[in-house]
Amino acid sequence: TQLLEQSPQFLSIQEGENLTVYCNSSSVFSSLQWYRQEPGEGPVLLVTVVTGGEVKKLKRLTFQFGDARKDSSLHITAAQPGDTGLYLCAGPNPNAGNNRKLIWGLGTSLAVNP
Amino acid sequence: NAGVTQTPKFRILKIGQSMTLQCTQDMNHNYMYWYRQDPGMGLKLIYYSVGAGITDKGEVPNGYNVSRSTTEDFPLRLELAAPSQTSVYFCASRNLGGATEAFFGQGTRLTVV
C-alpha cells in the first residue's frame with residue numbers, strides 16, 4: 001500500500017482548461033513537496049508546504065496543504081502544453097526517527113494538448 | 001554548479017554482466033539516494049546514505065550494492081545483471097532536515113538483454 005496516494009493517475013486535457021490533482025495519506029506529514037518530471041529528466045522541485053492550511057502560488061499553479069497535514073492539492077489554472085509532465089508528491093517518512101527517507105507518490109501524468 | 005551528475009546516460013548490458021552507475025554531487029549534501037523508476041510505478045528506493053561510510057537498504061535492494069567513501073560520490077553496483085533490472089535509475093541528494101529539496105541527476109536508462 002502506498003503511503004501517499006495520488007489521483008488521478010492520468011489526465012489529458014485541452015490547453016486553457018483548469019485542473020486539480022491530489023495527494024492523500026492516512027498519516028500526518030511534517031511537510032509535503034511537489035515535483036514535476038519531464039520525459040528523460042529527473043524530478044524538479046516545484047514547492048514545499050509546511051504549515052497545515054498553507055496555500056502557495058507559483059504563477060498559474062496553486063498548492064494547498066490540508067489543515068490536518070494529511071493531504072495536499074495542486075491546482076493549475078489555464079493549463080498550457082508546457083505544463084505536460086509527471087507530477088509527484090513526496091514527504092519525509094512520517095515514522096518517528098526516520099525522516100531521512102522521502103516517501104513518494106506514484107504521480108499524476110498530465111498531458112496538455114494544444 | 002553541476003548539482004548531481006550521473007553517468008552513463010544509457011547502457012545495454014547482457015544478462016550476467018556487471019556494471020557501476022556513477023553519481024557525484026557538488027553541493028556537500030549529507031543524504032544521497034538511488035531510485036529506480038519503472039513505467040507507471042513511481043520511484044522505488046534502492047539504497048540510501050546519510051553520510052560518508054554509512055549506507056542503508058531501501059525498498060528494493062536485492063541485486064545491488066553501494067558504497068559511500070566520500071561525501072560527493074555514491075556509486076551503485078549491479079553484480080549479475082538480470083532482465084528485471086531493466087529500468088531508469090536516478091541518483092538524488094539533499095541536505096539535512098525533513099523539508100529539504102531533493103536534487104536529481106538526469107538518470108541512467110539501463111536495458112538488460
Side-chain angles (χ1 to χ4, degrees), chain A residues 1-11 23 27-52 54 56 58 63 65 69 72 85-109, chain B residues 2-10 21 23 25 27 29-51 54-61 68 74 87-110:
Chain A
T1 52
Q2 287 289 125
L3 203 53
L4 284 173
E5 298 278 356
Q6 289 192 246
S7 61
Q9 188 176 357
F10 301 98
L11 191 56
C23 175
S27 298
V28 175
F29 280 80
S30 58
S31 63
L32 281 177
Q33 297 176 326
W34 286 92
Y35 291 77
R36 180 167 65 208
Q37 184 179 19
E38 298 184 11
E41 303 289 332
V44 175
L45 181 69
L46 295 173
V47 79
T48 301
V49 285
V50 179
T51 305
E54 182 177 7
K56 281 192 172 179
L58 185 66
F63 304 85
F65 200 13
R69 291 184 287 126
S72 182
L86 180 67
Y87 288 81
L88 294 159
C89 68
N93 190 339
N95 293 329
N98 191 5
N99 66 1
R100 302 160 179 179
K101 291 194 289 188
L102 285 175
I103 304 298
W104 293 86
L106 292 182
T108 292
S109 181
Chain B
V4 179
T5 303
Q6 277 184 248
T7 56
K9 197 165 175 61
F10 302 95
L21 281 66
C23 176
Q25 54 95 6
M27 297 171 283
H29 286 167
N30 291 82
Y31 299 162
M32 294 189 75
Y33 308 85
W34 274 106
Y35 295 96
R36 59 177 287 171
Q37 187 175 36
D38 301 314
M41 297 300 291
L43 292 166
K44 297 283 188 186
L45 182 64
I46 304 171
Y47 271 95
Y48 69 104
S49 170
V50 299
I54 305 170
T55 62
D56 209 345
K57 295 178 180 179
E59 306 166 71
V60 289
R68 184 100 181 265
F74 191 40
S87 189
V88 180
Y89 292 84
F90 287 100
C91 178
S93 73
R94 66 186 187 110
N95 218 337
L96 294 173
T100 56
E101 176 180 359
F103 292 83
F104 283 80
Q106 286 202 307
T108 296
R109 185 175 293 274
L110 175 67

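Labels below follow one simple rule: chain letters A, B, ... track the order of the sequence lines, proteins then strands, and each chain is numbered from 1. Only this structure's heavy atoms are used, side chains among them; waters, hydrogens and symmetry mates stay out.
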Looking only at A:Gly105, A:Gly42, A:Pro43, A:Ala90, the option with the highest number of non-hydrogen pairs under 4.5 Å against chain B is A:Pro43
What residue, out of A:Leu45, A:Leu32, A:Val49, has the most heavy-atom pairs lying under 4.5 Å from chain B? A:Leu45
Less than 4.5 Å to any heavy atom of chain A: does that hold for the side chain of B:Glu59, its backbone, both, or neither? neither
Between B:Arg94 and chain A, which part of the residue has a heavy atom less than 4.5 Å away: side chain, backbone, both or neither? side chain
In terms of relative ring orientation, are B:Tyr35 and B:Tyr33 parallel, tilted or perpendicular, with 30° and 60° separating the classes? parallel
Counting only non-hydrogen atoms closer than 4.5 Å, does [X] touch chain B with its backbone (N, CA, C, O), its side chain (CB onward), both, or neither?
X: A:Tyr35; answer: side chain
X: A:Gln6; answer: neither
X: A:Leu86; answer: side chain
X: A:Thr48; answer: side chain
X: A:Gln33; answer: side chain

Ranked by heavy-atom pairs below 4.5 Å to chain A, first place among B:Ala92, B:Gly58, B:Gly107, B:Ala102 goes to B:Ala102
Note, A:Leu102 side chain near A:Asn93 side chain (heavy atom, < 4.5 Å): no
Is there side-chain contact between B:Val4 and B:Cys23, with at least one heavy-atom pair below 4.5 Å? yes
Partner of A:Arg100 under side chain to side chain contact (heavy atoms under 4.5 Å, CB included), chosen from B:Asn30, B:Asp56, B:Val50, B:Leu96: B:Val50
Pair A:Trp104 and B:Phe90, ring centroids less than 6.0 Å apart: no
Nearest heavy-atom pair of A:Gln37 and A:Leu88: which atoms, and what distance? OE1-CD1, 3.9 Å
May I have the step-by-step check of side chain to side chain contact (heavy atoms under 4.5 Å, CB included) for A:Arg36 and A:Val44, ending in yes or no? CA-CA 5 Å; A:Arg36 180 167 65 208; A:Val44 175; 5.8 Å; no
